[in-house]
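Here's the structure we're looking at; comments come further down.
Indexing begins at 1, ligand by ligand and atom by atom, following the structure's order. The figures that follow rest on heavy atoms only: side chains count, while hydrogens, waters and symmetry mates do not. Keep in mind it's a predicted model, so treat the numbers as computed, not measured.
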Amino acid sequence: RAKQDGRGRARFFKREMDQQAQERRQLELELRRALHATPEVFEVHYQPVIAVETRAPTGLEALLRWRHPERGFIPPAQFIPLAEEIGLIVALGELALRRACADAAGWAPGLRVAVNLSPIQFRDPRLVEMVAEALADSGLPAGRLELEITEGVLLHQTEATIATLHRLKDLGARIAMDDFGTGYSSLSYLRSFPFDKIKIDRAFVRDLGTSPDDAAIVSAVTGLCERLGMASTAEGVETEEQFRRLEAERCTEVQGYLFSRPVPSSEVPRVLSTLSSAARPGKAGPLRAG
Ligand code: C2E
Ligand code: MG
Ligand code: MG
Ligand code: MG
């Protein structure tokens with residue numbers, strides 16, 4: 001009886017796994033097809049980045065979405081790892097960067113655009129050339145482009161990776177360390193390259209009001225940024241309370257649903273104007289100064 005149950009369960013798990021593998025293959029096929037035949041189903045949405053001091057937008061982060069004909073919007077967590085595994089992230093990353101540069105070229109001249117780069121893109125010998133081309137083709141000044149990398153880029157840090165980062169910076173782009181504190185964080189990463197910004201992961205922001213440990217970590221990171229001359233951006237700010245605590249810790253920028261969710265490109269002007277008019281009077285943000 002027990003043996004039969006065991007066998008039944010094994011069969012059940014095997015079916016379950018076959019089904020998962022099947023779904024993965026299906027998604028993989030659709031990803032390949034979409035990228036090749038209908039690249040417009042990949043949309044870049046934008047989330048405003050807000051200066052803590054003025055509460056005015058300083059730029060926007062480009063976040064990729066897949067508008068699937070049957071399944072609706074598929075979030076990046078579901079297809080970027082897949083694209084990385086099957087070698088499509090270089091093409092998909094180029095698509096995102098080119099769109100983001102083109103869109104940003106149409107915004108007020110004080111606004112930056114931040115684009116996420118996958119660690120896999122750093123293995124592509126054409127990366128720097130591709131970024132330079134995207135800037136030239138869009139006419140976006142390099143100083144308005146910020147490239148976000150994760151600790152994964154520096155994990156198997158080689159001379160080549162560091163050289164690539166320096167070449168991107170030499171183009172005039174800014175480099176931000178994303179999701180700080182969630183990966184195999186090492187302070188030595190901060191010595192290996194002069195980052196312009198550290199983004200504090202949402203995981204540390206969430207319980208800022210109730211967790212003294214998280215508050216201590218955030219305080220340490222913003223202090224480090226201040227002393228090393230880097231900007232600090234907190235992700236996932238959803239409440240005024242979180243905002244006030246980050247302000248007290250001298251965090252320089254925030255992003256989160258408190259100000260805006262990521263929106264399609266067509267909604268960017270409306271969102272920016274709403275945010276700019278809600279910004280603190282007297283302290284001109286880039287929109288008014290522009
Ligand atoms: P990320 O770069 O850390 O982006 C921040 C994520 O937090 C976004 O999720 C954003 O929508 C979400 N977020 C922002 N504010 C809040 C908030 O207040 N509350 C909550 N709960 N979430 C918030 P999203 O858009 O699903 O992107 C997930 C990840 O996918 C990104 O994390 C990034 O690592 C990756 N990704 C997105 N676009 C690209 C891309 O073009 N290239 C690459 N390589 N990765 C990308
Ligand atoms: Mg990011
Ligand atoms: Mg992040
Ligand atoms: Mg994050």
Taking ring pair (Phe, Tyr, Trp, His ring centres under 6.0 Å) as the definition, give me every residue that meets it alongside W107, ordered by chain and number, with sequence neighbours left out.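 Expected list: Y46.
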Taking only residues two or more places apart in sequence, or in another chain, which ones meet F259 in a ring pair (Phe, Tyr, Trp, His ring centres under 6.0 Å)?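 By the ring pair (Phe, Tyr, Trp, His ring centres under 6.0 Å) rule, F259 matches F243.
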Test of understanding: given a 4.0 Å heavy-atom threshold, classify the contact between [X] and ligand 1 as side chain, backbone, both, or neither.
| X | result |
| --- | --- |
| R202 | side chain |
| N116 | both |
| E61 | side chain |
| D179 | side chain |
| V237 | backbone |

I need the protein N, O or S atoms closer than 2.8 Å to the Mg ion (ligand 2), given as residue plus atom name. E61 OE2, N116 OD1, E148 OE1, D178 OD2
With side-chain contact (heavy atoms from CB on, under 4.5 Å) as the test, would you mind laying out the steps for V153 and L117 before giving the verdict? CA-CA 9 Å; V153 171; L117 291 182; over 6 Å; no
Any heavy atom of [X] sitting closer than 4.0 Å to ligand 1?
| X | answer |
| --- | --- |
| E84 | no |
| K199 | no |
| G93 | no |
| P75 | no |

Considering P81, A96, P76, S260 one by one, which has a heavy atom nearer to atom 41 (O) of ligand 1 than any of the others? A96
Is any side-chain N of the basic residue among [X] and [Y] closer than 4.0 Å to the acidic one's carboxylate O?
| X | Y | result |
| --- | --- | --- |
| D179 | R202 | no |
| R67 | E40 | no |
| E249 | R245 | no |

To the closest 0.5 Å, what do you measure between OG (S260) and CD (E267)?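 Going from OG on S260 over to CD on E267, the span is 8.5 Å.
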Give the numbers and elements of all ligand 1 atoms closer than 4.0 Å to a heavy atom of E238. 17 (C), 18 (O), 19 (N), 20 (C), 21 (N)
List ligand 1 atoms under 4.0 Å from Q47, heavy atoms only on the residue side. 14 (C), 15 (N)
If the plane angle is over 60° it's perpendicular, under 30° parallel, otherwise tilted; pick one for W66 and F42.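 Tilted.
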Residues which pass side chain to side chain donor-acceptor pair (under 3.5 Å) with S118, listed by chain and number, not counting sequence neighbours: E84
Y257 versus ligand 1: do any nitrogen or oxygen atoms come within less than 3.5 Å of each other? yes
For the backbone of S273 and the side chain of S276, can you confirm whether one donor and one acceptor N or O come within less than 3.5 Å of each other?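 Pair absent, no side-chain N/O of S276 close to backbone of S273.
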